[in-house]
Asks: 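This is the structure, below, for whatever I ask next.
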Protein chains: 2
Amino acid sequence: MSSMKILAVEDCGFKRTIKQKQKEALLVGVIITGFRIDQVLFSRIEVDGLDATKKLIDLIISNGEEVELIMLSSISYGGFNLIDPLKLYNVLGVPVIVVNPKKPNSLAVESALFHHFNDWKKRLQIINRVGEPEELDLKKGNKIYYHIFGIEKVQGEKLIRSEICFGKIPEPLRIAKIIAHGIK
Amino acid sequence: MSSMKILAVEDCGFKRTIKQKQKEALLVGVIITGFRIDQVLFSRIEVDGLDATKKLIDLIISNGEEVELIMLSSISYGGFNLIDPLKLYNVLGVPVIVVNPKKPNSLAVESALFHHFNDWKKRLQIINRVGEPEELDLKKGNKIYYHIFGIEKVQGEKLIRSEICFGKIPEPLRIAKIIAHGIK
């Protein structure tokens with residue numbers, strides 16, 4: 001476990017049916033230092049909107065606590081509301097790691113964007129800038145997929161490994177997921 | 001840190017003004033084993049109602065996860081909605097520890113009950129059955145106040161001490177408090 005102050009971000013589930021979809025989803029941010037949970041933050045984002053990056057930046061700035069690393073479980077929150085990790089890094093100057101236990105299916109995402117969003121080009125631009133994830137081999141033949149912004153690859157991989165305690169999800173994201181799941 | 005599966009219970013804040021008070025408060029339950037957060041549960045209770053004991057019992061039973069210890073930060077949740085630790089212990093067969101960093105002011109509580117509740121006798125009965133808390137000396141001259149049901153005093157005190165990592169609140173309750181505070 002590193003001793004960095006890490007903000008891990010997850011979203012709470014929301015309802016989506018053919019007839020109706022929930023307008024807003026809840027973003028959960030958990031600040032953790034080593035094994036210590038320091039704070040839990042919440043923000044509302046629009047389902048399938050494009051406000052998640054700004055909402056997360058506002059949340060971090062207004063909270064005032066200086067985080068040293070942001071961990072995302074994906075770049076899509078609340079449906080296809082994309083959090084742009086590069087923008088987070090550029091605006092906040094805080095390194096960002098996106099860690100996903102599953103390989104993101106970029107073709108499926110692109111197709112969904114193209115078919116359901118008028119602003120698909122704008123969204124695709126973010127996805128393309130983020131690029132393809134790196135693969136990291138864990139114990140027992142497990143793999144995870146990650147993107148790193150603002151840290152060297154070797155250092156980033158070491159950090160990811162050090163944060164994995166139970167299962168294959170880094171601890172801050174695992175805890176954020178549990179809280180988000182409970183709220184759903 | 002013990003390796004017991006502990007359920008710690010906190011409530012989220014609610015609004016109460018002279019003219020108006022929120023009808024419901026949210027109960028947050030966090031299940032923790034050692035350093036690992038396993039689950040976060042939620043239940044709604046009536047502000048100043050008397051449904052918290054039943055709601056907590058229902059929550060634990062419906063969740064199905066076998067907890068080995070219940071930790072409460074007080075017996076009053078959502079205003080004066082009392083959680084009866086003896087009833088929890090009798091119904092669920094799970095030991096209960098109430099740990100409070102401040103000495104509960106039972107005279108003030110009794111007076112508030114008498115002046116604001118028609119069913120003050122019923123509430124006072126619970127408080128009287130729970131009785132006066134024990135005092136436990138911590139490091140640096142700190143004290144906490146506790147009640148134990150279903151465990152021997154010596155063992156209970158050892159357990160409380162082992163769960164205190166940061167500050168003077170046992171870790172499961174500290175985490176439940178942080179989550180509850182974030183939701184408020």
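Owing to the predicted nature of the structure, the values given are computational and were not obtained by experimental measurement. By convention in this document, chain letters (A, B, ...) are assigned in the order of the sequence lines, proteins followed by strands, and residues within each chain are numbered from 1.
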Asks: Linking I/L/V/M/F/W/Y whenever their side-chain heavy atoms sit closer than 4.5 Å, directly or via other members, would B:Met71 and B:Ile148 fall into one cluster?
Replies: yes
Asks: What about B:Met1 and B:Ile175, same hydrophobic cluster or not, with Ile/Leu/Val/Met/Phe/Trp/Tyr joined at side-chain heavy-atom distances under 4.5 Å?
Replies: no
Asks: Heavy-atom cut-off 4.5 Å, strictly under: side chain, backbone, both or neither for B:Leu26 against chain A?
Replies: neither
Asks: Under the ring pair (Phe, Tyr, Trp, His ring centres under 6.0 Å) definition, can you give me all pairs with a residue in residues 39-73 of chain B, not counting sequence neighbours?
Replies: none
Asks: Using the side-chain contact (heavy atoms from CB on, under 4.5 Å) rule, pick out the option among A:Val30, A:Ile179, A:Ile178 that qualifies with B:Ile37.
Replies: A:Ile178
Asks: According to a hydrophobic-cluster definition based on side-chain heavy atoms being under 4.5 Å apart (Ile, Leu, Val, Met, Phe, Trp, Tyr only), do B:Ile60 and B:Val28 belong together?
Replies: no
Asks: Assigning hydrophobic clusters by single linkage (Ile, Leu, Val, Met, Phe, Trp, Tyr; side-chain heavy-atom cutoff under 4.5 Å), is A:Ile6 placed with B:Phe35?
Replies: no
Asks: Just by distance, which donor-acceptor pairs between chain B and chain A come in under 3.5 Å?
Replies:
{"residue": "B:Ile37", "atom": "O", "partner": "A:Arg174", "partner atom": "NH1", "Å": "3.0"}
{"residue": "B:Ile37", "atom": "O", "partner": "A:Arg174", "partner atom": "NH2", "Å": "3.0"}
{"residue": "B:Arg174", "atom": "NH1", "partner": "A:Ile37", "partner atom": "O", "Å": "3.0"}
{"residue": "B:Arg174", "atom": "NH2", "partner": "A:Ile37", "partner atom": "O", "Å": "3.0"}

Asks: Check each atom of B:Leu41 against the heavy atoms of chain A and say whether the ones under 4.5 Å are side chain, backbone, both or neither.
Replies: neither
Asks: Walk me through whether A:Ile183 and B:Ile183 qualify under side-chain contact (heavy atoms from CB on, under 4.5 Å).
Replies: CA-CA 9 Å; A:Ile183 289 170; B:Ile183 289 169; 4.1 Å; yes
Asks: Around atom CZ of A:Phe166, are there more than 12 heavy atoms from other residues, nucleotides or ligands closer than 6.0 Å?
Replies: yes
Asks: Are B:Leu72 and B:Ile31 co-members of a hydrophobic cluster defined by side-chain heavy atoms under 4.5 Å apart?
Replies: yes
